[in-house]
**Student:** 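Before we start, here is the structure in question, set down as structure tokens.
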Amino acid sequence: MSVRRLFSTAAGRRVDIFGAVVLSRFPVVAPPMSDVERRYSEQVLQMEAENSLRSDFELRSIRDKKLIAKKEQLEAEGKDLSELEGELSVTAQMQEDEWKKKASEIRAKLIAKKEQLEAEGKDLSELEGELSVTAQMQEDEWKKKASEIRVKYGLDAPLESTADVHSLKRCLDRKLVLLVKQKLHHRDDDYRTPWIIPQRKNEGESLREQKLHHRDDDYRTPWIIPQRKNEGESLRETVEKCVGDLFEETPKISIMGNAPFASYRYRYPKKLKDVQKADEAEIFFFDAHIHGSKDPEFSKTTLSDFMWCTPEELQATLTTRGYKNRLKTALFE
């Protein structure tokens with residue numbers, strides 16, 4: 001917008017002020033690694049494995065792998081294997097399998113004894129130390145917790161569920177932003193806005209061009225930074241009311257700061273000027289974040305529809321280029 005247009009001397013240009021909230025949900029889970037990230041991760045793990053100090057058992061496992069490879073090579077060449085007999089008698093893998101077998105047998109005996117004591121109604125205190133936390137019980141507990149987390153966040157849900165734009169549980173590895181279709185209560189018809197960022201009109205009087213209203217003459221200020229005396233609610237208060245209008249019961253939401261991060265100004269169409277009793281509107285955008293993954297209950301009184309969309313979906317849904325450009329800084333992931 002040019003300076004000449006901003007400070008036009010045409011009297012009576014009325015500007016409605018709106019506060020809008022860019023309400024987003026942060027990613028819940030980490031996104032899948034890219035090919036470069038995956039290869040880097042594998043390389044780091046390999047370096048850690050090569051440079052770390054190994055236990056005696058791990059050293060035996062590495063030696064056994066080499067011996068087994070040498071045995072297979074000798075067998076393929078039809079050579080004598082007598083030189084490997086002593087070294088291959090008991091490999092680390094065989095010993096590990098034996099330990100697992102004995103552990104399973106001991107656990108089975110303890111559980112059988114526990115069931116016997118329970119059936120006889122006897123005290124189980126003698127088994128408390130042995131059965132308090134077995135390795136298998138601990139592993140089962142880990143699996144149970146992992147299953148609960150997957151159910152909580154819907155990680156096992158079919159891919160089709162990501163198409164439900166009314167759910168906060170879609171696209172858990174992406175940032176989601178709220179778009180709405182709002183109802184205008186001051187209009188008698190059943191008008192609904194197109195898809196927009198949630199907004200609410202500031203309850204102060206409409207702005208006009210830089211003319212001093214308390215003076216009777218036609219005085220205009222010299223060249224100055226745009227300014228205005230606050231005669232009504234603040235923009236922060238307007239945005240807080242806007243958030244309250246969206247939900248039946250307001251969830252935990254954090255509004256970032258007291259100042260907007262961007263603004264967008266546009267002229268009303270001729271028919272709308274008479275309805276709004278203003279010539280232009282200026283929208284001030286605030287950033288806000290919703291906490292948790294539970295779907296909130298939206299107000300049917302103020303909204304006709306809503307959708308949680310990714311930054312790409314938002315860019316495809318909104319049609320006004322200038323409006324979309326003002327939101328770019330809030331869409332970074």
**Student:** Taking all atoms of both residues into account, what is the closest heavy-atom pair of Val180 and Ile197, and its distance?
**Tutor:** CG2-C, 4.5 Å
**Student:** So, do Leu172 and Arg25 sit near enough that their side-chain heavy atoms are less than 4.5 Å apart?
**Tutor:** yes
**Student:** Aromatic ring centroids of Tyr323 and Phe285 under 6.0 Å?
**Tutor:** yes
**Student:** May I ask you to decide if the ring planes of Tyr266 and Tyr268 are parallel, tilted or perpendicular, using 30° and 60° as cut-offs?
**Tutor:** perpendicular
**Student:** Does Arg200 reach the main-chain N or O of Val239 with its side chain, forming a donor-acceptor pair under 3.5 Å?
**Tutor:** no
**Student:** Drop me the distance from Arg170's CZ to Cys309's SG, to the nearest 0.5 angstrom.
**Tutor:** 7.5 Å
**Student:** Working to the nearest 0.5 Å, report the span between CD1 of Ile290 and CG of Leu168.
**Tutor:** 5.0 Å
**Student:** Please report the interatomic distance NZ(Lys300) to CD(Glu297), rounded to the nearest 0.5 Å.
**Tutor:** 7.5 Å
**Student:** Report yes or no: does Arg192 contribute a side-chain atom to a donor-acceptor pair with the main-chain N or O of Leu303 at less than 3.5 Å?
**Tutor:** no
**Student:** So do the side chains of Val243 and Leu23 get within less than 4.5 Å of each other, counting heavy atoms only?
**Tutor:** no
**Student:** Please report the interatomic distance CG(Asp245) to CD(Gln182), rounded to the nearest 0.5 Å.
**Tutor:** 8.0 Å
**Student:** Give a yes or no on this: more than 12 heavy atoms of other residues, nucleotides or ligands lie within 6.0 Å of atom CD of Gln43.
**Tutor:** no
**Student:** Tell me, with the steps shown, if Glu233 and Asn202 meet side chain to side chain contact (heavy atoms under 4.5 Å, CB included).
**Tutor:** CA-CA 7 Å; Glu233 68 181 15; Asn202 183 275; 3.6 Å; yes
**Student:** Start with the C-alpha gap between Lys241 and Glu237, add the side-chain angles, then the distance that decides, and say whether salt bridge (charged side-chain N to carboxylate O under 4.0 Å, His left out) holds.
**Tutor:** CA-CA 6 Å; Lys241 290 180 180 180; Glu237 292 171 333; over 6 Å; no
**Student:** Yes or no on side chain to side chain contact (heavy atoms under 4.5 Å, CB included) for Ile17 and Thr238, after CA distance, side-chain angles and deciding distance?
**Tutor:** CA-CA 10 Å; Ile17 300 300; Thr238 302; over 6 Å; no
**Student:** Taking the side chain from Arg326 and the backbone from Ser263, do they hold a donor-acceptor pair closer than 3.5 Å?
**Tutor:** yes
**Student:** Report the relative orientation of the aromatic rings in His166 and Phe306; use parallel for angles under 30°, tilted for 30 to 60°, perpendicular for over 60°.
**Tutor:** perpendicular
**Student:** For side chain to side chain contact (heavy atoms under 4.5 Å, CB included), just list the numbers for Leu246 and Leu178, CA-CA rounded to whole Å, side-chain angles, deciding distance to a tenth of an Å, and then say yes or no.
**Tutor:** CA-CA 11 Å; Leu246 296 175; Leu178 179 66; 4.1 Å; yes
**Student:** Less than 4.5 Å apart, any side-chain heavy atom of Gln315 and any of Leu331?
**Tutor:** yes
**Student:** What I'd like to find out is whether the side chain of Ile253 reaches to under 4.5 Å of the side chain of Phe247, using heavy atoms alone.
**Tutor:** yes
**Student:** Is it true that the side chains of Gln46 and Glu50 contain a donor and an acceptor less than 3.5 Å apart?
**Tutor:** yes
**Student:** Distance from Leu179 atom CG to Trp195 atom CH2, nearest 0.5 Å?
**Tutor:** 7.0 Å
**Student:** Report yes if some heavy atom in the side chain of Val15 is under 4.5 Å from a heavy atom in the side chain of Arg265; otherwise report no.
**Tutor:** yes
**Student:** Would a 4.5 Å heavy-atom cut-off, applied to side chains only, mark Pro311 and Arg174 as touching?
**Tutor:** yes
**Student:** Out of curiosity, Cys171 SG to Glu313 CD, how far, rounded to the nearest 0.5 Å?
**Tutor:** 6.0 Å
**Student:** Quick one: do Asp287 and Thr329 satisfy side chain to side chain contact (heavy atoms under 4.5 Å, CB included)? Show the steps, please.
**Tutor:** CA-CA 10 Å; Asp287 197 9; Thr329 55; over 6 Å; no
**Student:** Between the side chain of Asp279 and the main-chain N/O of Arg14, is any donor-acceptor distance below 3.5 Å?
**Tutor:** yes
**Student:** Is the closest side-chain heavy-atom distance between Val177 and Ser24 below 4.5 Å?
**Tutor:** yes
**Student:** Can you confirm whether Ser254 sits close enough to His291 that some side-chain heavy atom of one is under 4.5 Å from a side-chain heavy atom of the other?
**Tutor:** yes
**Student:** Assess whether atom NZ of Lys328 is packed by more than 12 heavy atoms of other residues, nucleotides or ligands within 6.0 Å.
**Tutor:** no
**Student:** For a quick test of reading the model, state the closest non-hydrogen atom pair linking Ala330 to Phe261 and the distance between them.
**Tutor:** CB-CZ, 3.6 Å
**Student:** Which heavy atom in Pro296 sits nearest to a heavy atom in Pro251, and how many Å separate them?
**Tutor:** CB-CG, 4.0 Å
**Student:** If you look at every heavy atom in Ser41 and Met33, which pair is closest and at what distance?
**Tutor:** CB-SD, 4.1 Å
**Student:** If you look at every heavy atom in Ile283 and Ala20, which pair is closest and at what distance?
**Tutor:** CG2-CB, 3.6 Å
**Student:** Counting N and O atoms only, with roles assigned by atom type, does the side chain of Lys324 sit under 3.5 Å from a partner on the main chain of Thr317, one being a donor and the other an acceptor?
**Tutor:** no
**Student:** Measure across Ala281 and Phe18 and return the closest heavy-atom pair with its distance rounded to 0.1 Å.
**Tutor:** CB-CE1, 3.9 Å
